[in-house]
Structures are given as structure tokens and as C-alpha cells.
Amino acid sequence: MATITGIPQVDLSQFVKGDASQQAAFVEALGKAFTEIGFVGVVNHGIPKELIKKFFEASERFFAQDLEVKDKYEVKNGAGQRGYCSFGREHAKQSDVGDLKEFYQFGQELPEGHELKEVYMDNIYTDELPEFNKTARELYQAFEASGAHLLEAIAIFLGLDRNYFNPHIEGGNSILRAIHYPPITQEPKSAIRSEEHEDINLITLLVGASADGLQVRPLGQDWIDVKALGDGIVINVGDMLQRLTNNKLKSTTHRVVNPPRELWDTSRISIPFFLHPRSDMDLTCLEDCVTEETPLQYEPITAGDYLDERLREIGLKK
């Protein structure tokens with residue numbers, strides 16, 4: 001039984017396979033969650049359970065390797081966008097203390113002749129673990145498909161054409177990240193596994209982590225523990241979507257806290273998919289989201305320029 005605790009829950013199959021009334025109910029429930037909390041749990045999301053399991057296992061094998069092996073796949077000037085990113089390199093934008101994590105990232109792959117083929121970095125594939133590479137490609141495509149359905153529902157909720165996001169996310173700059181939070185071996189210097197932050201992208205799709213720790217803090221509220229049980233996934237609004245909607249949809253602060261001291265010897269792996277649009281998407285606030293009650297909050301910017309700005313803030317780009 002898939003269950004997500006701490007946040008509202010919706011069933012994506014009602015939107016993908018349901019009748020008109022079921023689709024309308026899904027859109028309303030999703031929109032309510034994203035305007036009030038910014039997070040929602042999704043069941044029947046269409047991402048194969050076995051594929052998720054295989055990628056978790058392959059990720060565990062990659063991170064269990066010696067550091068000298070993992071370091072082969074770190075691109076020092078790649079802003080952490082492909083391959084391995086070493087422990088403590090990334091930090092929250094308001095902090096100079098590195099998060100207690102290492103990660104590996106896979107990005108968009110496009111066919112020869114595609115207009116964006118030369119824009120993106122090539123993915124970095126490991127020699128030691130071909131299954132890590134293969135399952136990453138398959139999982140990336142599954143996340144893209146589910147994310148497209150969710151954005152279609154969001155477009156309907158916002159009163160846009162239901163296909164509004166499609167041209168912006170086709171060949172988009174999305175990232176699949178495997179994160180490893182190693183066992184804690186000494187008293188952390190004010191650091192936690194992942195300091196409080198907001199995501200940069202349109203939406204994030206997060207499959208259940210191998211251990212607890214995710215907390216969400218809606219505006220004006222205390223921290224809420226979020227747990228994904230079974231094969232449910234957690235979806236949250238990113239800053240790009242918040243910006244586009246002039247704060248109508250909420251990009252909510254969240255973090256991954258350290259486990260109790262008696263569990264410091266345990267590790268944690270999580271798999272987020274950061275759904276990004278193409279870099280040329282205009283993030284100018286939608287006209288219908290700007291009113292006398294909700295005046296304009298943001299200056300125009302493209303998704304690419306905004307991503308560049310944020311990567312510098314979190315220490316991945318110099």
C-alpha cells in the first residue's frame with residue numbers, strides 16, 4: 001500500500017486514466033496542495049517499482065566504491081551538473097557549511113540533429129557499473145513522462161492551455177540525482193544532511209528514500225515530517241514555478257535532518273528528479289497571477305539565467 005504521511009496525497013491514475021470528473025478532482029486537489037503547502041504525495045504515478053529498486057541498488061554499489069574510483073567521475077568545472085559531486089561540495093544558499101552528502105547526476109540525452117544536442121553536457125557513465133548507467137537512462141525517461149502529466153494538470157489549474165508546458169519541457173534541462181548521505185562518524189560542525197532550502201526547478205519528483213529525515217516547513221508553520229511508504233513519491237513546487245505564478249504556487253522550504261545519534265552509523269540514499277524546462281523558457285510572471293491583491297513580485301528572467309544564478313549561490317558554480 002502506497003502512503004505518504006505529513007502531506008496531502010493524490011492518485012495520478014485518476015488524471016491519466018480517469019473520466020472528466022476524476023480529472024477535475026485531481027486538478028483541484030493538486031492545485032490546493034501546491035497553493036497551501038507546496039508538497040503533495042503521489043500514488044499510482046506510473047514509474048515502475050522494479051526500475052526504482054534497480055536504480056537504488058545500483059546507486060548503493062556506486063557510492064560503496066573507493067573514493068579514488070568515484071573521483072574519476074567528478075568534473076571540476078562542470079557545476080555539478082553531470083557525474084559525481086564529492087561530499088560537502090554543495091551547500092544551501094544561506095550557508096557556507098557543506099551538506100553531509102555526495103551525489104551523482106544524469107542529464108538530458110538528445111538524438112543527433114536535435115537543436116539542443118550541443119547545448120547540454122554529455123552524461124558521464126561509469127566503467128565499473130554499466131547497470132547504473134542503463135537504469136539511470138530508463139528512470140530519467142519515466143520521470144519525464146510522469147512529470148509531464150503533473151505539469152499538464154498544473155496548467156489546467158492555472159487556467160492555461162493544458163499543453164502550455166509541453167514545448168518548454170521537451171528536451172528540457174532536467175536532472176536525475178542519486179544522493180548518498182553517509183554514516184555520521186563525528187559530531188557535525190553545525191551541518192545536517194541537507195540544510196533547509198528550496199529547489200530551483202519547476203517541480204521535483206522524489207522517490208522514497210532509504211531512511212527517514214525529510215522535513216517540510218510551510219510558511220508560518222513548524223517543521224513537518226514527511227515519509228513515503230510503499231511506492232509513493234513526493235512532489236514539490238520549485239522556485240521557477242513559484243516565480244512563474246507570482247507566488248500562487250509555493251516553493252516550500254525543506255531539509256533532510258540527521259538521524260538520532262543511535263542511528264548515526266546508518267546511511268541514506270534518495271533519488272530526486274529535478275524537472276527543468278529549456279533554458280530559453282521565459283519565467284515572466286503569468287498575467288492572471290498578478291492582481292491588486294497579489295502585485296508583481298519578480299523581474300523577468302529566463303530559466304537558463306535563473307539556473308546559472310542559483311548554481312552560483314549554492315556553491316556548484318564559480
Side-chain angles (χ1 to χ4, degrees), residues 1-55 138-172 174 176 199 201-209 214 216 218 224 226-238 240-242 244-245 248-252 271-277 281 286 288-289:
M1 178 73 178
T3 305
I4 295 90
T5 64
I7 53 177
Q9 179 172 302
V10 295
D11 183 337
L12 184 56
S13 68
Q14 291 186 330
F15 181 74
V16 177
K17 301 177 181 178
D19 58 28
S21 63
Q22 289 175 313
Q23 289 184 351
F26 177 88
V27 168
E28 184 61 28
L30 185 70
K32 185 174 189 293
F34 282 170
T35 54
E36 295 180 356
I37 300 176
F39 272 75
V40 70
V42 178
V43 299
N44 295 322
H45 42 73
I47 302 172
K49 184 176 181 179
E50 186 61 28
L51 181 57
I52 293 171
K53 179 175 181 288
K54 285 181 178 178
F55 191 64
E138 294 172 355
L139 187 57
Y140 189 104
Q141 293 168 355
F143 270 126
E144 275 194 315
S146 289
H149 289 310
L150 290 161
L151 285 174
E152 184 179 347
I154 290 168
I156 296 170
F157 177 76
L158 294 172
L160 304 168
D161 182 280
R162 67 187 302 147
N163 297 316
Y164 174 84
F165 288 101
N166 288 357
H168 299 300
I169 62 173
E170 187 280 321
S174 298
L176 173 64
D199 291 344
N201 40 287
L202 289 172
I203 57 173
T204 300
L205 297 83
L206 174 70
V207 300
L214 177 62
V216 172
I224 298 170
V226 175
K227 298 181 181 181
L229 308 173
D231 61 349
I233 64 176
V234 174
I235 314 293
N236 63 277
V237 174
M240 289 185 184
L241 189 55
Q242 174 176 266
L244 182 70
T245 62
K248 180 179 178 70
L249 305 185
K250 305 295 190 295
S251 178
T252 299
I271 312 294
F273 180 78
F274 302 111
L275 198 160
H276 282 264
M281 182 179 181
L286 297 168
D288 288 349
C289 293

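Bear in mind that the values here come from a model prediction, so they are computed numbers and not experimental data.
- Two residues are said to be in side-chain contact when any heavy atoms from C-beta on lie closer than 4.5 Å; Ile47 and Ile52 meet this criterion.
- Taking a 6.0 Å sphere around NZ of Lys250, one finds it holds more than 12 heavy atoms contributed by other residues, nucleotides or ligands.
- Here the closest heavy-atom approach between residue Ser146 and residue Leu205 is recorded as CB-CD2, 4.2 Å.
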Run the side-chain contact (heavy atoms from CB on, under 4.5 Å) test on Leu12 and Val43 for me, step by step, so that the C-alpha distance in whole Å, both residues' side-chain angles and the decisive distance to 0.1 Å come before the verdict. CA-CA 6 Å; Leu12 184 56; Val43 299; over 6 Å; no

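- A donor-acceptor pair is defined here as one N or O able to donate and one able to accept, closer than 3.5 Å; such a pair exists between the side chain of Thr252 and the backbone of Ile37.
- Between the CD1 atom of Ile7 and the CD atom of Glu36 there is a distance of 13.0 Å, given to the nearest 0.5 Å.
- Within 6.0 Å of CG on Asp161 lie more than 12 heavy atoms contributed by other residues, nucleotides or ligands.
- In this structure, Gln23 and Arg162 approach most closely via the heavy-atom pair OE1-NH2, 4.2 Å.
- The line from CE of Met240 to CD1 of Ile203 is 12.5 Å long, rounded to the nearest 0.5 Å.
- In this view, Glu28 satisfies the side-chain hydrogen bond (donor to acceptor under 3.5 Å, both in side chains) rule with no residue, not counting sequence neighbours.
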Applying side-chain contact (heavy atoms from CB on, under 4.5 Å) to Met281 and Leu244, what does each step give before you reach the verdict? CA-CA 10 Å; Met281 182 179 181; Leu244 182 70; 4.0 Å; yes

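- A distance of 9.0 Å separates OG of Ser21 from CD of Gln14, quoted to the nearest 0.5 Å.
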Derivation and outcome, side-chain contact (heavy atoms from CB on, under 4.5 Å), residues Phe157 and Leu249: CA-CA 11 Å; Phe157 177 76; Leu249 305 185; 4.1 Å; yes

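- Side-chain contact between Pro8 and Lys32 is absent, with no heavy atoms from C-beta onward closer than 4.5 Å.
- Applying the side-chain hydrogen bond (donor to acceptor under 3.5 Å, both in side chains) rule to Asn163 yields the partners Asn166; only residues at least two apart in sequence or on another chain are considered.
- Looking only at side-chain heavy atoms (C-beta outward), Ile169 and Leu275 come within less than 4.5 Å of each other.
- Atoms OG and CG, from Ser251 and Asp199 in turn, are 6.5 Å apart once rounded to the nearest 0.5 Å.
- Partners of Tyr140 under the ring-ring contact (aromatic ring centres under 6.0 Å, His included) rule, at least two apart in sequence or in another chain, are Phe273.
- Residues forming a ring-ring contact (aromatic ring centres under 6.0 Å, His included) with Phe15 (at least two apart in sequence, or on another chain): Phe26.
- Between Leu158 and Lys248 the shortest side-chain heavy-atom distance falls below 4.5 Å.
- Scored by the ring-ring contact (aromatic ring centres under 6.0 Å, His included) test, His149 finds no partners at all (sequence neighbours excluded).
- Looking at Ile224 and Pro218, their side chains come closer than 4.5 Å, going by heavy atoms from C-beta outward.
- By the 4.5 Å heavy-atom criterion applied to side chains, Leu150 and Phe34 are not counted as neighbours.
- To the nearest 0.5 angstrom, Asp11 atom CG is 9.5 Å from Lys17 atom NZ.
- Between Ile271 and Phe143, the shortest heavy-atom distance links the atoms O-CZ, 4.3 Å.
- In this structure, the side-chain hydrogen bond (donor to acceptor under 3.5 Å, both in side chains) partners of Glu170, at least two apart in sequence or on a different chain, are His114, Arg278.
- Heavy atoms only, all atoms of each residue included: Phe55 and Leu176 are closest at CZ-CD2, 4.0 Å.
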Working note: Leu202 + Ile154, criterion side-chain contact (heavy atoms from CB on, under 4.5 Å); need CA distance, chi angles, decisive distance, verdict. CA-CA 11 Å; Leu202 289 172; Ile154 290 168; over 6 Å; no

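- Taking the side chain as every heavy atom from C-beta outward, Ile235 and Leu30 never approach each other to under 4.5 Å.
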